[in-house]
Amino acid sequence: MQGTRRRDTACERAIRSAVHRSGLRFRVDWTIPGTRRRADLAFVTPRVLVFVDGCFWHGCPVHATWPKANAAWWRQKIESNRQRDRDASRRLQLAGWRVVRVWEHEPPDRAARRIVTVVERRRRQSISQRTL
């Protein structure tokens, strides 16, 4: 587990590159205030956080594999990761953040389009609320 990168994975870099090409700017590996969580990408003003989840570590329904060696420990580990992800997303949404979760197997350009759409929608909502 120590050899697993926490940030700057190939998938994250590809998604960041595609989002950057679209003209958006963001923070990388950003510590969320008041939490012990870090977002892979953060758009602070529109309050959008992006998490790029690895298929193995976060139990992807399409690509997850369950190790046979020490199976009970791994199942508990991966299930606790999934529970922590759900809890973090719920808490962040209650705090006014929009959470976008991307699987590592998603094509980077498609994931970037989804992220850009969410950020632009949040920016428009913010502008329309200020003009009211």
Side-chain angles (χ1 to χ4, degrees):
M1 285 190 285
Q2 289 177 331
T4 304
R5 297 181 69 95
R6 186 174 94 184
R7 60 172 283 182
D8 297 333
T9 63
C11 177
E12 285 179 32
R13 289 193 324 269
I15 290 170
R16 289 194 317 238
S17 179
V19 171
H20 192 271
R21 276 194 310 272
S22 75
L24 294 181
R25 301 301 177 256
F26 45 85
R27 309 259 174 125
V28 176
D29 195 38
W30 187 67
T31 301
I32 303 161
T35 72
R36 293 179 47 204
R37 306 277 185 257
R38 302 177 74 82
D40 295 314
L41 280 76
F43 301 87
V44 180
T45 302
R47 296 181 63 87
V48 176
L49 300 173
V50 178
F51 296 92
V52 181
D53 293 338
C55 290
F56 174 76
W57 296 103
H58 297 269
C60 170
V62 178
H63 298 106
T65 58
W66 297 102
K68 292 184 182 10
N70 208 1
W73 185 87
W74 279 109
R75 184 164 295 275
Q76 192 276 327
K77 167 72 176 152
I78 294 169
E79 290 298 335
S80 68
N81 287 351
R82 294 170 84 180
Q83 178 60 38
R84 186 190 65 233
D85 292 343
R86 283 189 298 271
D87 181 61
S89 293
R90 184 184 57 79
R91 288 173 186 254
L92 291 167
Q93 288 169 349
L94 290 172
W97 291 92
R98 174 63 163 88
V99 176
V100 178
R101 291 210 172 260
V102 176
W103 288 109
E104 71 177 342
H105 69 261
E106 287 186 55
D109 289 332
R110 186 181 322 159
R113 279 194 305 272
R114 190 160 52 100
I115 293 164
V116 168
T117 300
V118 170
V119 171
E120 289 176 349
R121 186 176 299 140
R122 289 288 291 230
R123 285 184 174 161
R124 282 193 305 270
Q125 288 172 347
S126 174
I127 290 169
S128 67
Q129 288 174 354
R130 280 185 274 165
T131 60
L132 291 179

Practice prompt. Spell out, as yes or no, whether a donor-acceptor pair under 3.5 Å connects the side chain of Ser80 to the backbone of Gln76.
Written response: yes

Worksheet item: In this structure, are over 12 heavy atoms from other groups packed under 6.0 Å from Arg91 atom CZ?
Response: no

Discussion item. Can you confirm whether Arg16 sits close enough to Asp8 that some side-chain heavy atom of one is under 4.5 Å from a side-chain heavy atom of the other?
Written reply: yes

Worksheet entry | Separation between OG1 of Thr45 and CZ of Phe26, rounded to the nearest 0.5 Å | 14.5 Å

Worksheet item: About how many Å separate CZ of Arg27 and CZ of Phe43, when rounded to the nearest 0.5 Å?
Response: 12.0 Å

Fill in: With sequence neighbours excluded, residues passing side-chain hydrogen bond (donor to acceptor under 3.5 Å, both in side chains) with Gln83
Arg86

Fill in: Over all atoms of both residues, closest heavy-atom pair of Trp103 and Pro61
CZ2-CD, 3.7 Å

Practice prompt. Hey, could you give me the CD/CH2 distance between Glu79 and Trp66, rounded to the nearest 0.5 Å?
Written response: 4.5 Å

Item to complete: List in chain and number order the residues that pass side-chain hydrogen bond (donor to acceptor under 3.5 Å, both in side chains) with Thr31, two or more places apart in sequence or in another chain; answer none if no residue qualifies.
Response: Arg38

Discussion item. Are there over 12 heavy-atom neighbours, none belonging to Arg25, within less than 6.0 Å of that residue's CZ?
Written reply: yes

Fill in: Shortest non-hydrogen contact between Ala42 and Leu49, atoms and distance
CB-CD2, 3.7 Å

Practice prompt. Could you tell me the separation between the NE2 atom of His105 and the CG atom of Asp53, rounded to the nearest 0.5 Å?
Written response: 11.0 Å

Worksheet entry | Shortest non-hydrogen contact between Ser22 and Val116, atoms and distance | OG-CG2, 3.2 Å

Worksheet entry | side-chain contact (heavy atoms from CB on, under 4.5 Å) assessment of Arg21 paired with Asp109 | CA-CA 10 Å; Arg21 276 194 310 272; Asp109 289 332; 3.4 Å; yes

Item to complete: Run the numbers on Val28 and Trp30 for side-chain contact (heavy atoms from CB on, under 4.5 Å), then give the verdict.
Response: CA-CA 5 Å; Val28 176; Trp30 187 67; over 6 Å; no

Practice prompt. Have a look at Cys11 and tell me which of Asp40, Val102, Val52 forms a side chain to side chain contact (heavy atoms under 4.5 Å, CB included) with it.
Written response: Val52

Worksheet entry | Rounded distance (nearest 0.5 Å) linking atom CG of Leu24 with atom CZ of Arg123 | 5.5 Å

Worksheet entry | Transitive ILVMFWY side-chain link Ile78 to Val62, under 4.5 Å | no

Worksheet item: When rounded to the nearest 0.5 angstrom, what is the spacing between NE2 in His58 and CZ in Arg82?
Response: 11.0 Å

Practice prompt. Verify, without hydrogens or angle tests, whether Arg122 (side chain) and Pro46 (backbone) share a donor-acceptor contact under 3.5 angstrom.
Written response: yes

Fill in: Ala64 to Cys60 - nearest heavy-atom pair and separation
CB-O, 2.8 Å

Worksheet entry | Verify same cluster id: Leu92, Val44 (apolar side-chain graph, 4.5 Å) | yes

Item to complete: Work out which heavy atom in Ala88 is nearest to a heavy atom in Arg37; give both atom names and the distance.
Response: CB-NE, 3.6 Å

Worksheet item: Would Ile115 end up clustered with Val99 when hydrophobic side chains under 4.5 Å apart are linked, directly or stepwise?
Response: no

Practice prompt. Check for a donor-acceptor pair, side chain of Arg101 on one end and backbone N or O of Phe51 on the other, with a separation under 3.5 Å.
Written response: no

Worksheet item: Is it true that Asp87 and Arg90 have a side-chain N and a carboxylate O under 4.0 angstrom from each other?
Response: yes

